[in-house]
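Step one of this worksheet: look at the structure below.
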Protein chains: 2
Amino acid sequence: MPRRPAGNTDQPPAQGDIYEQIVDALVDQRILPGTRLNELALCEVFKVSRREMEKVLLRLSFNGLVTLIPNRGAFVASSDANEARAILSARKTVEAGIVEAVALRASGADFKRLEQNIAREDECRHAGRIREAIKHSGEFHILLAEITGNPILCDLMKQLVARTSLVVSLYENPNGLSCWHGDHATLLKHLRAHKARPAMNLMQRHLDHLEESLVFTPQADTSTDLRTIFRRGER
Amino acid sequence: MPRRPAGNTDQPPAQGDIYEQIVDALVDQRILPGTRLNELALCEVFKVSRREMEKVLLRLSFNGLVTLIPNRGAFVASSDANEARAILSARKTVEAGIVEAVALRASGADFKRLEQNIAREDECRHAGRIREAIKHSGEFHILLAEITGNPILCDLMKQLVARTSLVVSLYENPNGLSCWHGDHATLLKHLRAHKARPAMNLMQRHLDHLEESLVFTPQADTSTDLRTIFRRGER
DNA sequence: GTCGTTGAAATTGCGCGCAATTCCAGAGGA
DNA sequence: TCCTCTGGAATTGCGCGCAATTTCAACGAC
């Protein structure tokens, strides 16, 4: 039986891989909220059957990243203001706990990983590659979850970060400075000093600022060519 | 197709309803970890097509409540010790935040709901209906999440409580007192007084005690008749 | 020029049924 | 008595293809 688990040769695409590729496309905003995800087009792009793609879309919808409308298909979730606030609020609740745990139990290697992430983000930001910088900024929060060593919290944060990306795409302030990126460095300082309370407070403020920087006026949807976003089949 | 002449008017069973019925069966331990969930049997029980049941099972597996083994089918998740600890640990992280939010922002009506829940649990416990008491005990924690007004946290807690039930089924101490049920009342007292810190600490201890009451020695699986658990189709 | 109408093409929902795999009881051998 | 083997039954994985619905552009009425 020719079972190929996962090869760099992407002839037999994958199952969870497809999920992650789509999530990646969401977090660095290559797909915007409201975009219609044509099932057949996705099948074509990832070279899988409709059935497999259906499963991926189901999982995305269970996680709030995609909305399934009967007879219409899958659309990238575009949260209303209430849901957006709920996402941010959930992050405040969860990340306070994560930061506390990290402040109390993180080791030197963990700090190193955080430091490298911050360095990468700054690098991208100074090079003007804002999109990549945003991606790293999200990964910082996921890193914190990873450092707790709890895979459940880790998955949860991946989901919340992705949903946050969608919310930011929808409601970001047009003249918004890609702001507060100094926060991560300050937070790391507190974590190194095992100052749990200041770290928690800073995370709270960090997310408050993010929320305040949003302006809850929906803007026009954009429909995007899926074949352009996922470069495949050509070299 | 043979139309049901029998009593119940639940003509088209539902989609998310089935999910919730199965979750309910998990939380009050009518289905034990390791139980095989025969797809055709479930289709028969809920009167749905295999396709629909497949979706439900997929969702259960995405949420960690069921394990899908290729060519073998669906099994109620039976976590190992590590995963069990991760579930409890995630609850400590999340519920600390929830309790803090509730302590700061809950109103009189909220306290009433909590009080009623505690009363119901005590009632069941004194009447010797332990299973029901446990169910209410879990609902208390979900109630706290509901009171935050955040549907994301609410769904998350439903999932974590269900997974906790499975873990308890697997690892509960045989001679264990169905313990610490006084904690909920004490917690409510703190919440009423808006004492966030004591409430958070108590929740932490509450979950610590739960974890300590577990003995990580797996016991025998039990296969159960699905048609008995979900009473349907007769009478 | 703007707004309904309409019909064909595109798309999704899903039942059907086969192929592949696993399960299990019973036979045979050590 | 306890393994090992084996063949048929049970079960899952999934492609195929049709029916139902939606989409969209061309058309005609006002």
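Side chains included, hydrogens not; waters and symmetry mates left out as well; all remaining heavy atoms used. Order of the sequence lines fixes the chain letters, A, B, ..., with proteins taken first and strands second; residue numbering starts at 1 for each chain.
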Rounded to whole Å, how long is the line connecting atom [atom1] of [X] with atom [atom2] of [N]?
X       : N      : atom1 : atom2 : result
B:Lys55 : D:dC14 : NZ    : P     : 16 Å
A:Met53 : C:dC14 : CE    : P     : 19 Å
A:Arg36 : C:dT11 : CZ    : P     : 7 Å
A:Asn38 : D:dT23 : CG    : C1'   : 12 Å
A:Glu54 : C:dG13 : CD    : C1'   : 8 Å
A:Ile69 : C:dT11 : CD1   : P     : 16 Å
A:Leu42 : C:dT11 : CG    : C1'   : 13 Å
B:Glu39 : D:dT11 : CD    : P     : 11 Å

Does B:Ser49 make a side-chain N or O approach to OP1 or OP2 of C:dC14 shorter than 4.0 Å? no

Taking only N and O in the side chain of A:Arg72, is any of them less than 4.0 Å away from OP1 or OP2 of D:dT23? yes

Flag if over 12 foreign heavy atoms under 6.0 Å of CD, B:Gln15: no

Nucleotide nearest A:Leu40 (side chain, heavy atoms from C-beta), chosen from D:dT12, C:dT11, D:dT23: C:dT11

Residue A:Arg51, side-chain atoms from C-beta onward, closest of D:dT12, D:dG15, C:dG13: D:dG15

Between [X] and [Y], does at least one N-O distance fall below 4.0 Å, as a salt bridge requires?
X        : Y        : value
A:Lys92  : A:Glu211 : yes
B:Arg50  : B:Glu54  : no
A:Lys135 : A:Glu121 : no

Assert: residue with more 5' nearest nucleotide on DNA chain D, out of A:Phe75 and B:Leu68, is B:Leu68

Presence of donor-acceptor pair under 3.5 Å, side chain of B:Arg50 and base of D:dG13: yes

Under the 6.0 Å and 45° cation-pi test, does B:Arg113 pair with B:Phe140? no

